[in-house]
Amino acid sequence: MTAAGTKDDPWMLRTPPGSSPYTMYRDPEADPPALICQVGATKLSYHLRAVEDLHAWLKQQEDWVPLGAADENKTAADGTVEAWGRSAGNPVGGWYGLRKGYRGRFGMYLPPLLEELGLAELTHDARNNRMRSR
């Protein structure tokens, strides 16, 4: 059974390789509404609509898509979830990450949430993981 996804009952997730735990929860009162991702002492935030938008994009891809997780200051590989999460062509017109300096890693932290919610399948290899829509 999945958590409620609130601050008091966050989703307990692991990175795709299963190596690092983190939590996520919805903050609909934030401006803009946000997903809060807590990784150790580091707090990242993403547009809340990222879940629905990423799921819709994955459906359009009709196949496995590489995650391509990268920090904000590194270039994301073309055709990856990470590249889409910062592309001017996505529904928010750029970064889904909301906190400057911590906007990257979209391809690391969003895919396990979609898997937890039953919206996507995800590989769990040591490297080069992929996802696809359910």
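Note that the coordinates shown come from a computational prediction; the quantities given were computed from them, not determined experimentally. Positions are given from 1 along the sequence.
Between Leu114 and Met131, the closest side-chain pair of non-hydrogen atoms falls below 4.5 Å.
We find the CG-NZ distance between Leu119 and Lys59 to be 8.5 Å, quoted to the nearest 0.5 Å. Ile36 contributes atom CD1, which lies 9.5 Å from atom CG of Leu48 (distance to the nearest 0.5 angstrom). A distance of 6.5 Å separates CD in Gln38 from NZ in Lys43, rounded to the nearest 0.5 Å. Between Ser19 atom OG and Arg14 atom CZ the span is 7.5 Å, to the nearest 0.5 Å. Rounding to the nearest 0.5 Å gives a distance of 6.0 Å between CG of Leu54 and CG of Leu110.
Using modelled atom types, no side-chain atom of Arg132 and backbone atom of Ala120 make a donor-acceptor pair closer than 3.5 Å. Of the possible polar contacts, one joining the Asn90 side chain to the Gly94 backbone as a donor-acceptor pair under 3.5 Å is found. Between the side chain of His124 and the backbone N or O of Pro16 there is at least one donor-acceptor pair closer than 3.5 Å. No donor-acceptor distance shorter than 3.5 angstrom exists from the side chain of Thr23 to the backbone of Met12, with no hydrogens or angles considered. With hydrogens and angles ignored, the 3.5 Å screen pairs no side-chain donor or acceptor of Glu115 with any backbone N or O of Glu121. In this structure a side-chain-to-backbone donor-acceptor pair under 3.5 Å is present from Glu82 to Phe106. No donor-acceptor pair closer than 3.5 Å links the side chain of Thr123 to the backbone N or O of Asp125. Of the possible polar contacts, one joining the Arg26 side chain to the Gly5 backbone as a donor-acceptor pair under 3.5 Å is found. Side-chain atoms of Ser45 never come within 3.5 Å of backbone atoms of Leu35 as a donor-acceptor pair (strictly under, hydrogens ignored).
Taking each heavy atom of Cys37 and Tyr22 in turn, the nearest pair found is SG-CD1, 3.6 Å. Nearest heavy atom pair, residue Ala3 against residue Pro10, reads CB-O, 3.2 Å. Taking both residues in full, the closest heavy atoms of Ala50 and Tyr96 are given as CB-CD2, 3.5 Å, listed atom of the first, atom of the second, then distance. Closest non-hydrogen pair, Asp53 versus Pro91, comes out as OD2-CB, 3.5 Å. Contact detail for Pro112 and Tyr109: the closest heavy-atom pair is CD-O, 3.6 Å.
Counting heavy atoms of neighbouring residues, nucleotides and ligands inside a 6.0 Å radius, atom CG of Asp78 does not exceed 12 of them. Residue-environment remark: CD (Glu52) stays at or below the threshold of 12 foreign heavy atoms within 6.0 Å. More than 12 heavy atoms of other residues, nucleotides or ligands lie within 6.0 Å of OH in Tyr25, so this atom counts as buried by the packing criterion.
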Output, in order, the C-alpha distance, side-chain angles, deciding distance and verdict of side-chain contact (heavy atoms from CB on, under 4.5 Å) for Asp27 and Glu29. CA-CA 5 Å; Asp27 184 357; Glu29 303 303 316; 3.7 Å; yes
Any chance you could lay out the side-chain contact (heavy atoms from CB on, under 4.5 Å) test for Tyr46 and Met24, step after step, and finish with the verdict? CA-CA 10 Å; Tyr46 301 97; Met24 286 188 101; 4.2 Å; yes
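Hydrophobic clustering (side-chain heavy atoms under 4.5 Å, transitive across Ile, Leu, Val, Met, Phe, Trp, Tyr) groups Leu44 together with Leu13. Note on Trp64 and Val81: separate hydrophobic clusters, where clusters join Ile, Leu, Val, Met, Phe, Trp and Tyr whose side-chain heavy atoms are under 4.5 Å apart, directly or indirectly.
Using a 4.0 Å cut-off between charged nitrogen and carboxylate oxygen, Asp71 and Arg105 count as a salt-bridge pair.
Figure legend: Arg86 and Trp95 shown without cation-pi pairing, the cationic atom not lying both under 6.0 angstrom from the six-membered ring centre and within 45 degrees of its axis.
Ring orientation note: the planes of Trp84 and Trp57 are close to parallel, at an angle under 30° on the 30°/60° scale.
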